[in-house]
Visitor: 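Handing you this structure, nothing more for now.
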Amino acid sequence: MNVTFFLISLGCYLNAVFFHLLHLINRRGWAERVGNISVSLGFIFHTIAFGTRFFQAGHIPITNLHESLSFFAWIIILIYLVLDYKMKIPSLGAFILPLAFIFVLYASIVPKGIQPLIPALQSFWLGIHTVTSFAGYATFAFAFCAGIMYLIQESQLKSKKFGPLYYRLPSLEILDDLSHRIISFGFPLLTIGIITGSLWANSAWGAYWSWDPKETWALITWFIYAAVVHTRFTVGWRGKKAAYLAIIGFCFVLFTFLGVNLLLKGLHSYS
Amino acid sequence: MIKRIIHFFSSLKLTIFTLILLAFTSIIGTVIQQRQNPLLYIQRFGEPLYQIFKFLGFFDVYHSWWFMGLLLILALNLLFCSIRRFPRDWKILVTQKIKLSETELQAFTSKEKITIENSTVDQTLKNVLNAMKKGGFPCKEKVKDEKGWYLFSEKGKYGRLAFYITHLSIILIFLGAIIGAAKGFKGFVNITEGEKIDSIITTSQDGKSISKKLGFEVECKKFEITYYTDEEGNPTYRPKDYKSLLSIYEQGKEEYTKEIEVNHPLVYKGIYFYQSSYGDIPTLAITVQTSEGDLVDHFKVGEKESFHFLDKNDQKIAVQVLRYLPDFIMDQNRQYATRSNIPNNPAALLQIRRSNNQTERTWVFQRIPNFPHSKSTDYKFTLTSINAKKKYTGLQVAWDPGVPVVWAGCIILILGIIIIFSVPHHRLWVTITNGGKYQTINIIGSTNKNKPSFQTIFLKFITAFKSSLADTKK
């Protein structure tokens, strides 16, 4: 049942992506509105899917690849809806929604069955660790999009070629500010995610830090975003360099989330 | 010279440089498996590359001299930054300047000028104080001189301290890690159900196994495992839970008993015993026949154990089980191995020793009873059944006196980082310059954090401030 709801939300998101991209080209307000209604609908179905799966499994459903991808996309959409309601960043949806859609699509093609929990995962930390980590990752997805939008806008300003995107994208200041604000949420979340993970590791694996590939990559990501946070206060590192770092940072996030499990051996063999 | 050193170590460029360098060098240790047997590395990389990698510490990156060096630079950087910054912040916290000079006023980007006509200083002061309150920045301090009034308001003053808390907490975590590495130990031990141990196996820095005495005994009284069932209710091999009942003995006297499972360790004298794995202690049933097919005897034997029987000439023949593999396969390197702990394809390597000390070896398989055994053997060995009721529990054992320090550091880090990003220090100066019948009001705002978002707050304040002043005029 949860899978059905999940697939309906997938359809809604696809629709939303289409209309948000259309809005970039034709600059009609209705396209964006249709897109946002689709996102909201998709989010409602997605939430129901999450809830029913939680109920069916009897534990928070963030324990394998399908569940992790789905939750990651869910939290991205949640943040998007909050941001859209509070700040209304023009064209943000056209950048973040395709990204979220890719994760939902990926989640739809991997095995979707509910598996019983292995002993190491039966812990109070499961929910706290996964939710904070994914919330952190999701904010970085926004910083990534803000970075890309910043670079597009910057190159248009520099070359003085004002394409259709120029009028759709927010100003450099807004993008830079958005990136900073969102990272000031994400960085503490990532920190909490890593620390709760090490608390958990201490009770499950017998050491709070074992340089397991997943741990190490999370720390690498932390180093990168620590650098991003500090560039703010250094002259000459703002704006463009911060945008590049936010983009690189998100590549590290993706590798920490997916690459480590696919390519490297380690203790985090689930998810 | 000293000034230059301090300057170097407290620079923000060094922070960013070190962080990025740490990030990229950390990758090495996730690509090359760490702390493996040197032979494996030589096989994989070849001798010359192995020597270069070994010299660079690539086989133990996170404990290499240069990685430690980078962490040390980071720690020094944190420390020097905090020291260099402290006097300025202390001044702001303790003695806030209320009267700003003309040049100081010019330095701020958030400013506003308002002129009030047909009013007295006292009236304007009253209105301004009220307007400040309405705008969300009530006046905290005020000073008067011959020119007029100087008012000051601020928010999130102690948020400034979060900088020090956060940065020093990381040094605290480092300290905890150093204490753990210098004084603590980590090891493992397997205890057969019903048996006691008094030492564990730890790994030295060069990868050798060393036995370490605990100073007390640990008994595994009982080991229990439950499996998940499939849809039809049949048990699967997916473990749901495994538990060991452990007892601690001091000089033969039972001191403490606890049932442990994954995520719930036993702690005794600061030493943690974690449930980490388990395995079978199998008993093999082996039947011996002569090559003509006459039964010699049945034997029950464990791994590494032996049994013996007499041949036609009453000479002793001893048989030892050298190896037992529950799920026999030939791996990629053409080595005999076991795929799992589940007895899917049980196999045993037997060593047969005759009275003249002549030995031979043969593999026997439960699933393939007629597997062609060694030709010179005039006896046929069959593995008839495996009894795996007896189990051992695998425990991780760790003593780390640095853990409380690390946790303290972590908690402070979380608090500090949240405060840093959510409590900016906003300061507002309002000066009223008296021109007799009119007064000039100068408003200056400043923040230690994100300037664009402060600008929004500042403009909101100005709007509220102005509308409050306009209201009082009516």
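A, B, ... follow the sequence lines: proteins, then strands. Residue 1 opens every chain. These numbers come from a predicted model, not from an experiment.
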Visitor: Is a side-chain N or O of Q122(A) found less than 3.5 angstrom from the main chain of K240(B), in a donor-acceptor match?
Guide: yes
Visitor: Are a donor atom and an acceptor atom from the side chains of W200(A) and N263(B) found within less than 3.5 Å of each other?
Guide: yes
Visitor: State, to 0.1 Å, how close L12(B) and H230(A) come at their nearest heavy-atom pair, and which atoms those are.
Guide: CD2-O, 3.8 Å
Visitor: Measure across I417(B) and T191(A) and return the closest heavy-atom pair with its distance rounded to 0.1 Å.
Guide: CD1-OG1, 3.5 Å
Visitor: Got more than 12 heavy atoms from elsewhere within 6.0 Å of CZ, R84(B)?
Guide: yes
Visitor: With chain A, which of D241(B), I418(B), I27(B) has the greatest number of heavy-atom pairs at distances under 4.5 Å?
Guide: I27(B)
Visitor: Please list, one pair per line, the donor and acceptor atoms closer than 3.5 Å that link side chains of residues 79-90 of chain A to other protein atoms, with sequence neighbours excluded.
Guide:
unit_1 : atom_1 : unit_2 : atom_2 : d
Y80(A) : OH     : N36(A) : OD1    : 2.9
D84(A) : OD2    : N36(A) : ND2    : 3.2

Visitor: Testing the basics here: between V262(B) and A120(A), what is the closest heavy-atom pair and its distance to 0.1 Å?
Guide: CG1-CA, 3.5 Å
Visitor: Against chain B, label W125(A) side chain, backbone, both or neither, depending on which of its atoms sit under 4.5 Å from a heavy atom there.
Guide: neither
Visitor: Can you list everything that forms a ring pair (Phe, Tyr, Trp, His ring centres under 6.0 Å) with F144(A)? Sequence neighbours excluded, please.
Guide: F250(A)
Visitor: Quick check: under 4.5 Å, non-hydrogen atoms only, which of residues 397-415 of chain B neighbour chain A?
Guide: A398(B), D400(B), V403(B), V406(B), W407(B), C410(B), L413(B), I414(B)
Visitor: Taking only residues two or more places apart in sequence, or in another chain, which ones meet Y62(B) in a ring pair (Phe, Tyr, Trp, His ring centres under 6.0 Å)?
Guide: W211(A), F67(B)
Visitor: Answer with side chain, backbone, both or neither: which region of L189(A) has an atom nearer than 4.5 Å to a non-hydrogen atom of chain B?
Guide: neither
Visitor: Quick one: are F223(A) and L21(B) in side-chain contact, heavy atoms under 4.5 Å?
Guide: no
Visitor: Where do Y274(B) and S203(A) come nearest, in terms of heavy atoms and distance?
Guide: CD2-O, 3.6 Å
